[in-house]
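Report on one structure; see the data block that follows.
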Amino acid sequence: MCGSELHALPEGVQRVSRALQEAGHCHAPIMLDGAARTAQEAADGLGVLLGQIAKSVIFKRKQDGVAVLVVTSGDRRVDEKKVSALVGKVGRADADFVKAHTGFSIGGVSPVAHLNPPVTLLDQDLWRFAVVWAAAGHPHGVFQLQPEDLKNLTGAPVVDVVQATSEVAA
């Protein structure tokens with residue numbers, strides 16, 4: 001992208017695109033025809049495995065109200081107890097909290113370009129895949145990357161924060 005293409009994109013996608021460009025990331029966001037509000041919708045729209053969707057889940061840390069971003073594979077479920085053990089007690093974040101802290105609506109939360117930098121954790125299960133796709137700031141926007149790119153873009157640690165696979169309920 002040379003820059004002029006950004007003006008046709010929603011504001012959140014523009015913000016993500018700028019952050020990716022500034023970081024030298026080689027894959028610009030793309031807009032899907034259908035919504036990608038859920039990991040399954042994104043996987044279906046891209047024709048990839050559900051696990052290749054790097055879903056962003058926002059929690060609210062109870063002690064100070066800071067946003068906690070957990071990025072995990074679309075086929076995994078975050079274990080709140082594991083997250084709390086790493087960053088302090090967390091609870092679910094409502095749509096207003098997510099929008100106010102990240103600048104993104106639920107269903108389009110990108111792992112980068114947040115209004116207020118969150119505490120971020122990356123789940124190790126993302127490394128099962130050579131290529132993953134993350135939300136790009138809008139329910140129709142996504143971008144391609146490798147798990148290692150995600151680590152480099154966010155500076156976040158790679159940890160185990162998901163339920164055991166026998167406990168996973170899509």
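Both L32 and V48 are part of a single hydrophobic cluster, where members link through side-chain heavy atoms under 4.5 Å apart. In terms of hydrophobic clustering, with Ile, Leu, Val, Met, Phe, Trp and Tyr side chains grouped at heavy-atom distances under 4.5 Å, V112 and V98 are assigned to a common cluster. In this structure, V71 is a member of the same hydrophobic cluster as L49, with clusters built from ILVMFWY side-chain heavy atoms closer than 4.5 Å. Grouping the Ile, Leu, Val, Met, Phe, Trp and Tyr side chains by contacts below 4.5 angstrom, directly or via other members, places V162 apart from V70. Under a hydrophobic-cluster definition in which Ile, Leu, Val, Met, Phe, Trp and Tyr are linked whenever side-chain heavy atoms come within less than 4.5 Å, directly or via other members, V159 and V83 are assigned to the same cluster.
Taken to the nearest 0.5 Å, the NZ atom of K151 stands 8.5 Å off from the CG atom of L122. Atom-to-atom distance recorded for L20:CG and F143:CZ is 5.0 Å, nearest 0.5 angstrom. Atoms NE2 and CG, from H25 and L150 in turn, are 9.5 Å apart once rounded to the nearest 0.5 Å. A distance of 5.5 Å separates OG1 of T72 from CG of L126, quoted to the nearest 0.5 Å. In this structure, the separation between CG on L153 and CD on E148 is 10.5 Å, given to the nearest 0.5 Å. The CG atom of N116 sits 6.0 Å away from the NE2 atom of H101 when rounded to the nearest 0.5 Å.
S56 places a side-chain N or O within 3.5 Å of a backbone atom of V109 that can act as its donor or acceptor partner. Counting only distance, with no hydrogens or angles, the side chain of H138 and the backbone of G108 share no donor-acceptor pair below 3.5 Å. A donor-acceptor pair under 3.5 Å links the side-chain atoms of K55 to the main chain of R76, judged by distance alone. Under a 3.5 Å cut-off, the side chain of H140 and the backbone N or O of A36 do not form any donor-acceptor pair. Judged by distance alone, the side chain of N152 and the main-chain N or O of D149 form no donor-acceptor pair under 3.5 Å. A donor-acceptor pair under 3.5 Å is absent between the side-chain atoms of R61 and the main chain of V119, judged by distance alone. With hydrogens and angles disregarded, a donor-acceptor distance shorter than 3.5 Å links the side chain of S84 to the backbone of V90. Proximity of a side-chain donor or acceptor of K82 to a complementary backbone N or O of Q163 within less than 3.5 Å is not detected. In this structure, the side chain of S73 does not engage the main chain of Q52 through any donor-acceptor pair within 3.5 Å.
Using a 4.5 Å heavy-atom threshold, the side chains of V78 and F59 count as touching. Inter-residue side-chain proximity for I106 and I58 is flagged as unmet; no heavy-atom pair is nearer than 4.5 Å. Between L121 and L69 there is no side-chain heavy-atom pair separated by less than 4.5 Å. Inter-residue side-chain proximity for P118 and V66 is flagged as unmet; no heavy-atom pair is nearer than 4.5 Å.
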Take F104 and V16 through the side-chain contact (heavy atoms from CB on, under 4.5 Å) test and state the conclusion after the steps. CA-CA 10 Å; F104 305 121; V16 170; 3.8 Å; yes
Does the side-chain contact (heavy atoms from CB on, under 4.5 Å) test come out yes or no for I53 and L46, once each step is laid out? CA-CA 10 Å; I53 303 304; L46 291 163; 4.0 Å; yes
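With salt bridges taken as basic N to acidic carboxylate O contacts below 4.0 Å, none links E22 and R18. Between D75 and R128 a salt bridge is recorded (basic side-chain N to carboxylate O distance below 4.0 Å).
The two atoms that bring V13 and P29 nearest to each other are CG1-CB, 3.8 Å, heavy atoms only. In terms of heavy atoms, S110 sits closest to G137 at CB-N, 3.8 Å. Smallest separation of non-hydrogen atoms from A136 and V142: CB-N, 3.6 Å. Across all non-hydrogen atoms, the minimal contact from G51 to F129 is O-CE1, 3.2 Å. Between Q144 and H27, the shortest heavy-atom distance links the atoms O-CB, 3.3 Å. The shortest non-hydrogen separation linking A19 to A113 is CB-CB, 3.9 Å.
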